2 protein chains.
Amino acid sequence: MPSRPSPHQPRKTPQQQRARQTRQRILDAAARVFTEYGYAAGTTDRIAEAAKLSVGSVYQYFPNKDSILLTLTLAHIDEGIEAVRASLTAVATSPVRPEQWLPAMVGAYADLHSHNPRLHKVLFEESPRPPELLDRFHQAERDAADAVEQFLRSDPSLDLADPTRSARVVVAVIESLVHRFVSQRPDDVDSPHLTSEIVDLLVAYLRAERV
Amino acid sequence: MPSRPSPHQPRKTPQQQRARQTRQRILDAAARVFTEYGYAAGTTDRIAEAAKLSVGSVYQYFPNKDSILLTLTLAHIDEGIEAVRASLTAVATSPVRPEQWLPAMVGAYADLHSHNPRLHKVLFEESPRPPELLDRFHQAERDAADAVEQFLRSDPSLDLADPTRSARVVVAVIESLVHRFVSQRPDDVDSPHLTSEIVDLLVAYLRAERV
DNA sequence: GTCTATAGTCTGATAGAC
DNA sequence: GTCTATCAGACTATAGAC
């Protein structure tokens, strides 16, 4: 026996077409509102207004404000996973030296952040990050680290004591430094300086380590 | 003509002694409440209760909830500045090779985060970070970078193209990686692994760079 | 005079009736 | 889908305590 459905969630998915569009309209509106007002002042009323809906209707598509935020954030993460995967696949056939795949990876990651740095900042810094989000995030990082590890292991010119650990460090550094850069100079994210500095740092690390 | 003073803010500072104590009592209570409940559920009512005061009294000492949070956070930052300064001063007389001052600096910074990781997480991740806070934070980082730059310049065995930039990278990496570690494994912050991994990374960077 | 406690007001998230 | 009601929590005004 199914448990009582939560209020406002339609039992069956209705007109798929229209509903999907409305849902997307809410998400787009929320992205604009959060970008402009930030998290706290990005009220559900404003989101509803921007989506040309009433508050109640918004709550028909999302159980609460944070779930809108979460959806937006998860979409960003998925985009990131995809972008990094694509960038690595593109160089996968060429030689596997870090000097070659690192710029692609770092560049892809930086690109991703250059689109709407302000929204990104709101999403990842100003807003609360529920455990569910952190989990997904960490999962994404683990996936990235696995991919990196493959590259590390396949390069005979490297002699790493612990490729698994090195891969995690590589991902952590890219993640941290790109994010930090975004939050401090939003206008300048795709500067080649950023990319090359990170690449230099990591190449030095990978080539030097003999533990 | 002075503008109307905001309500509840005493015009002149009163009995310094008692007032200072009360203020501190509120801060201590807030630290406990935020640690236990997080930012959102760390309500002013709970803080007042934990401080054995009424809400109104709390608002006599702080204009709003966020200013309590801000005070707490700034105190943390000041502690950090001091700890790092102390750690660097301690090694300042010995040779200036990064292999020597980096462990001290990274260790001091990691230590700082091992005291109350949960509170730290609430303060720096879960809570809103007003521009004022970010400014202070960046100032602190600049100071640290200046100190690091001195070390870099005074070591003849290094041949850096741009010591200023390298110093910034060093500080950014330490900051980012320690923070990331705190948020992911709060129980394990002062693990020597963390410190040595960061030191290895940075030493490699500093010794390899020839731009 | 200087604080404190109590009892509000106000805003924004969420629920429920149409 | 809309509109209105409810609730929580930040903040405020004020009467009285020390």
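This is a predicted model, so every value here is computed, not measured. Throughout, protein chains are lettered first and strands after them, A, B, ... in sequence-line order, and every chain is numbered starting at 1.
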What is the separation between atom NZ on B/Lys65 and atom P on C/dC10, rounded to the nearest whole Å? 21 Å
Atom CZ of A/Arg23 to atom P of D/dG1: distance rounded to whole Å? 14 Å
When you check the phosphate oxygens OP1 and OP2 of D/dG1, does a side-chain N or O of A/Tyr61 lie under 4.0 Å from one of them? yes
From the list D/dG1, D/dC11, C/dT4, which nucleotide is the closest neighbour of the side chain of B/Tyr59? D/dC11
Rounded off to whole Å, could you give me the CD-to-P distance for the A/Glu49 and C/dA13 pair? 13 Å
Are A/Arg180 and B/His179 packed together at the side-chain level, in the sense that at least one heavy-atom pair is separated by less than 4.5 angstrom? no
So what does A/Ser54 touch, heavy atoms closer than 4.0 Å: a base, only the sugar-phosphate, or nothing? base
Please report, rounded to the nearest Å, how far the P atom of D/dG1 is from the CG atom of A/Leu53. 7 Å
Rounded to the Å, how far apart are B/Ile68 CD1 and D/dG9 P? 16 Å
Side chain of B/Thr43: nearest nucleotide among C/dA13, C/dT14, D/dG9? D/dG9
Return the value, rounded to whole Å, for the distance between atom CD1 of B/Ile26 and atom P of C/dA5. 11 Å
Ionic contact status for A/Arg32 with A/Glu36, cut-off 4.0 Å: no
Ring centres under 6.0 angstrom apart (A/His120, A/His115): no
From the options B/Leu72, B/Leu70, B/Thr71, select the one residue that forms a side chain to side chain contact (heavy atoms under 4.5 Å, CB included) with B/Leu74. B/Leu70
Nearest to side-chain heavy atoms of B/Gln60, which nucleotide of C/dC3, C/dT14, D/dT2: C/dC3
Rounded to whole Å, CZ of B/Arg25 lies from P of C/dC3 at a distance of 14 Å
Quick check: are there more than 12 heavy atoms from other residues, nucleotides or ligands sitting under 6.0 Å from CD of A/Glu49? no
Interatomic distance where CG belongs to A/Asp45 and C1' belongs to C/dT11 [whole Å]: 10 Å
Report which part of the nucleic acid A/Ser57 touches: base, sugar-phosphate, or nothing (heavy-atom distance under 4.0 Å, all strands). base
Give the nucleotide from the list D/dG1, D/dA10, C/dT14 with an atom nearest to the side chain of A/Thr22. D/dG1
